[in-house]
Number of protein chains: 2
Amino acid sequence: MSGPKGWQEVQDEVLARIRDRRWPPGSAIPNEADLARDFGVARATVNRALQALAEAGWLDRRRRAGTRVALHPVRRATLSIPIIRAEIEGAGHVPGYRLLRQEMAQPPAPVAAALGLTGPLLHLSAVHTADKRPFVIEDRWVNPAAAPGIREADFAAQSANEWLIVNAPFSHGDIALAAAPATVEEAALLACAPGAALFTVTRTTWAGAQPITWVRLAYGPGYAMKTAL
Amino acid sequence: MSGPKGWQEVQDEVLARIRDRRWPPGSAIPNEADLARDFGVARATVNRALQALAEAGWLDRRRRAGTRVALHPVRRATLSIPIIRAEIEGAGHVPGYRLLRQEMAQPPAPVAAALGLTGPLLHLSAVHTADKRPFVIEDRWVNPAAAPGIREADFAAQSANEWLIVNAPFSHGDIALAAAPATVEEAALLACAPGAALFTVTRTTWAGAQPITWVRLAYGPGYAMKTAL
DNA sequence: TAGTGGTCTAGACCACCAA
DNA sequence: TGGTGGTCTAGACCACTAC
């Protein structure tokens, strides 16, 4: 009767009991002290395992109320948000980059609203290529006040994507994934038909309370963002 | 000089030092024992904080080599994969559901390949509605061997989505997010124009080595999957 | 081989909150 | 108010790996 030894093994054992319904959804499981005794490990080890399972959505834990198996195991998928160049290289292609626009301009209303700013912003557009073929369009508005030195930066060589990661790290942001028809301009840049279904990623990022940038990435037809569950 | 007290405070302090470049990207930070002394906490507390930061992508940790600030803070976004009905309710709408198809059939080659199965599978199609308006099309193939009882299940009332969550939990899977033009059939079901850009989610799930189901969700125009960074 | 992070232990105290 | 999870501590041993 050798029980689990480390917290990973405790986690595996608990997960097994959830999966095979010995601990069905909604039921309470023994408290940490009892589990520790049953498994022959310290309570801290059980705690570590159960916290990890709670973070992964398998368990609901509340002081005094105890630990219960989650009713609807809410599965989460984690998307990594890589640098575009790294994403292209990771797929085994040769990354390229072409700057289309770099100028101060008045942002359209939705962008201004998302950032909560009214004045003119730095507008950047670029196409990233994979093996010389268009891969994704980057349309970006940057708050110059949040990115000192950006007006002197040369975006013909380095993409704004990379410049900002190094020079203006963000603390938080939001992201929206959607599908949109290609505009005439986008179709020309991506070598596809106008109206073609494009996968889009729209991000807004802040450093504390200060908005940094709004960016919309429009990927060429056939692109899919993949991850594990 | 009261330093951080708990592991969350230690984490905040370390994050602050990374953000303001006292510990720039790529640099090594002091080892756990030293930090514990500086902060006036136990080494386990520092360990807890640094592990959390490493999991979030801020730090790279290796035995013997020490802890370094990540060169490119790979940001991750976690998408929750809710039950469709819960997603609609969460948005403040009244969920509805209409079954279109429920029959054994031979899956198309891509589906058979994704699941690694050759025989006939249970094919289910349905439309989920929000406030009576079409919201998403669910096109699903289920391996009956992995879902005992599914042939007797009544999917006119309960969606396959929910039946499977309760009756055939999966251990792992993969997911792909993409954009696709609406087929004529999809356009009719979603009340949009053929060729309209649809946001699609394609999932394949397994229980151990046994494939359970392949499902493709095609969301109506205007849908966006949102999350925080 | 020595230094680092990874983990476990036994004990303790505290915050929370259902009963 | 008592039981639960959340956390901290001091110490210890181990696994890994750069040197």
Side-chain angles (χ1 to χ4, degrees), chain A residues 1-18 22-71 73-74, chain B residues 1-18 22-71 73-74:
Chain A
M1 305 298 278
S2 73
K5 298 300 181 208
W7 73 266
Q8 308 251 23
E9 290 170 272
V10 172
Q11 175 175 267
D12 291 345
E13 175 60 26
V14 171
L15 209 39
R17 294 188 186 184
I18 294 173
R22 274 138 79 197
W23 289 343
S27 65
I29 76 174
N31 66 33
E32 294 187 350
D34 288 347
L35 285 175
R37 190 174 30 73
D38 293 349
F39 288 150
V41 299
R43 194 192 132 210
T45 304
V46 172
N47 180 273
R48 181 93 154 99
L50 297 189
Q51 281 203 6
L53 287 170
E55 199 170 334
W58 288 100
L59 298 175
D60 286 330
R61 317 190 76 200
R62 266 159 38 215
R63 283 172 153 116
R64 167 70 197 185
T67 299
R68 294 183 166 272
V69 180
L71 241 4
V74 176
Chain B
M1 296 309 122
S2 71
K5 298 300 181 205
W7 74 266
Q8 309 246 23
E9 290 170 90
V10 172
Q11 175 175 269
D12 291 346
E13 175 60 26
V14 171
L15 210 39
R17 295 188 185 185
I18 294 173
R22 276 140 76 195
W23 290 342
S27 66
I29 76 173
N31 67 35
E32 294 186 352
D34 287 348
L35 285 175
R37 190 175 29 76
D38 293 349
F39 288 149
V41 299
R43 197 194 129 207
T45 306
V46 173
N47 179 272
R48 176 83 192 231
L50 297 189
Q51 281 204 4
L53 288 171
E55 200 170 334
W58 289 100
L59 297 174
D60 287 330
R61 318 191 77 201
R62 267 159 36 217
R63 286 170 149 115
R64 167 74 196 188
T67 300
R68 294 180 166 275
V69 179
L71 242 2
V74 176

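Here is the naming used below: chain letters follow the sequence lines, and residue numbers restart at 1 for every chain.
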Can you confirm whether more than 12 heavy atoms, excluding those of R62(B), are under 6.0 Å from its CZ atom? no
Tell me whether the side-chain N/O atoms of Q51(A) come closer than 4.0 Å to OP1 or OP2 in dG6(D). yes
Does the side chain of V14(B) come within less than 4.5 Å of V46(B)'s, by heavy atoms? no
Could you tell me how far apart Q11(A) (CD) and dT7(C) (P) are, to the nearest whole angstrom? 11 Å
T67(B) side chain near dG5(C) phosphate (N/O to OP1/OP2, under 4.0 Å): yes
Could you tell me the separation between the CZ atom of F39(B) and the C1' atom of dC8(D), rounded to a whole number of Å? 16 Å
Return a single string for nucleotides 9-19 of chain D, one symbol per nucleotide in 5' to 3' order, where B is base contact, S is sugar-phosphate-only contact and - is none, cutoff 4.0 angstrom on heavy atoms. B--B--BBBBS
Just checking, any donor-acceptor pair under 3.5 angstrom between side chains of Q51(A) and N47(A)? yes
Calculate the interatomic distance between W7(B) atom CH2 and dG6(D) atom C1'; express it in whole Å. 10 Å
Side-chain N or O of N47(B) versus OP1/OP2 of dG5(C): is the shortest distance under 4.0 Å? no
Checking L50(B) against L35(B) for the side-chain contact (heavy atoms from CB on, under 4.5 Å) test, could you report, in this order, the C-alpha distance in whole Å, the side-chain angles of both residues, the deciding distance, and whether it holds? CA-CA 10 Å; L50(B) 297 189; L35(B) 285 175; 4.1 Å; yes
Would you say Q8(B) places a side-chain N or O within less than 4.0 Å of OP1 or OP2 belonging to dG6(D)? no
With a 3.5 Å distance limit and no angle check, can you tell me whether R61(B) reaches the backbone of T67(B) through a side-chain donor-acceptor pair? no
To the nearest Å, give me how far apart CZ (R37(B)) and P (dT4(C)) are. 12 Å
Once you round it to whole Å, what is the distance between P of dT4(D) and CG of L50(A)? 14 Å
Residue pair Q11(B) / A52(B): nearest heavy atoms and the distance that separates them: OE1-CB, 3.2 Å
Between CG of L53(A) and P of dG6(D) the distance, given in whole Å, is 12 Å
Whole-Å gap separating P (dG6(D)) and CZ (R48(B)): 9 Å
In whole angstroms, the gap separating P of dG5(C) from CD of E55(B) amounts to 17 Å
Output, in order, the C-alpha distance, side-chain angles, deciding distance and verdict of side-chain contact (heavy atoms from CB on, under 4.5 Å) for I18(B) and L59(B). CA-CA 9 Å; I18(B) 294 173; L59(B) 297 174; 3.9 Å; yes
Does dT4(C) have its OP1 or OP2 closer than 4.0 Å to a side-chain nitrogen or oxygen of N31(B)? yes
